[in-house]
Amino acid sequence: MSQAVSRAQLIQQAQNRFNFNVAKWNIAIVGQTKSGKSSLVNSLRGLQETDSGAADVGITETTIQPEPYPLPAAASCVLWDMPGVNTTSNPANTYFNDNLLGAFDILLLVSADTILEQDVAILQQAHSSGSIVAVIRTKSDSHTNNIIYSEELHLPDATRKLAKDAYANMAGVLRKGATANLPDLYIISNRAMLCQVKSSALPESIQRMDEESLLVWILEQVSQQK
């Protein structure tokens with residue numbers, strides 16, 4: 001797809017392909033396969049993966065086409081569960097354009113681990129298209145448990161180390177990729193996000209990180225007049 005294609009043209013294509021509702025805030029959940037994209041969609045909606053209407057979750061690629069889901073906390077918003085990047089059907093070098101990501105208002109780039117080259121490419125193209133973007137580092141509960149056992153730290157110290165390492169990784173990789181503007185980074189556990197949305201008790205083995213901040217950030221964005 002040529003860079004000469006305007007955002008208005010991209011939106012028109014998205015309307016034709018995805019039944020895109022331009023009156024809504026359309027948020028694309030993008031990133032690597034198995035990074036927790038579909039689980040994030042579910043947790044933001046207050047659903048477990050076994051609940052009716054939940055996005056499919058699996059250890060292999062389960063999202064083949066962009067799938068829209070309403071966000072109960074914001075009637076003006078649609079969450080789009082996007083296919084994983086850098087797969088056979090969604091190669092990294094054409095992923096942004098193939099999925100018409102320039103038509104979306106907000107991109108949430110989901111990573112379960114380190115920021116990779118294909119993530120940098122998405123962020124650079126999002127910046128060029130004028131999309132609002134944030135990076136979501138998922139599976140904080142698993143990562144903190146690994147730090148606890150490998151470095152013999154208590155949960156609060158493991159959480160602080162995870163945050164420090166995640167910010168350093170993102171800054172280092174993006175600056176190496178000549179990305180001047182660092183996006184907001186939110187470190188979350190989808191289980192903790194589910195508890196946040198449902199106002200339920202959190203298991204003692206999990207410490208809250210940026211779940212509330214991410215939810216507030218999303219609601220602030222979509223509360224604005226389009």
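Values below: every heavy atom of this structure, side chains too, minus hydrogens, waters and symmetry copies. From a predicted model like this one, the values you see are computed outputs, not experimental measurements.
Taking CD1 of I136 as the reference point, atom CG of L108 lies at 5.0 Å (rounded to 0.5 Å). From I29, atom CD1 reaches atom OG of S39 across 11.5 Å, with rounding to the nearest 0.5 Å. Annotation: the span from S128 atom OG to L123 atom CG amounts to 11.0 Å, rounded to 0.5 Å. Rounding to the nearest 0.5 Å places CH2 of W80 at 8.5 Å from CD of E67. Here the OG atom belonging to S129 is positioned 8.0 Å from the CG atom belonging to L101, to the nearest 0.5 angstrom.
Other residues, nucleotides and ligands place no more than 12 heavy atoms under 6.0 Å from the CG atom of N19. More than 12 heavy atoms of other residues, nucleotides or ligands sit less than 6.0 Å from atom CD of Q207.
Put simply, the side chain of I132 does not reach to within 4.5 Å of the side chain of L107, judged on heavy atoms.
Side chain of S150 to backbone of N146: a donor-acceptor contact under 3.5 angstrom is found. Under the 3.5 Å distance criterion, the side-chain polar atoms of S131 are matched with a main-chain donor or acceptor of F104.
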Passes side-chain hydrogen bond (donor to acceptor under 3.5 Å, both in side chains), D98 versus N90? Steps please. CA-CA 8 Å; D98 287 347; N90 283 280; over 6 Å; no
Please step through side-chain hydrogen bond (donor to acceptor under 3.5 Å, both in side chains) for the pair Q12 and N16, ending with a clear verdict. CA-CA 6 Å; Q12 182 62 57; N16 294 337; 3.3 Å; yes
Stepwise side-chain contact (heavy atoms from CB on, under 4.5 Å) check, M209 with Y186: CA-CA 8 Å; M209 294 194 69; Y186 297 92; over 6 Å; no
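Every pair passing salt bridge (charged side-chain N to carboxylate O under 4.0 Å, His left out) that includes a residue from residues 182-200 is listed here, sequence neighbours excluded: D141-R191. Under the side-chain hydrogen bond (donor to acceptor under 3.5 Å, both in side chains) criterion, the residue pairs touching residues 153-170 are D157-R160, K161-D165, with sequence neighbours excluded.
Between R137 and D113 there is a salt bridge, since at least one side-chain N of the basic residue sits less than 4.0 Å from a carboxylate O of the acidic one.
Under the 3.5 Å distance criterion, with hydrogens and angles disregarded, no donor-acceptor pair is assigned to the side chains of Q221 and D105.
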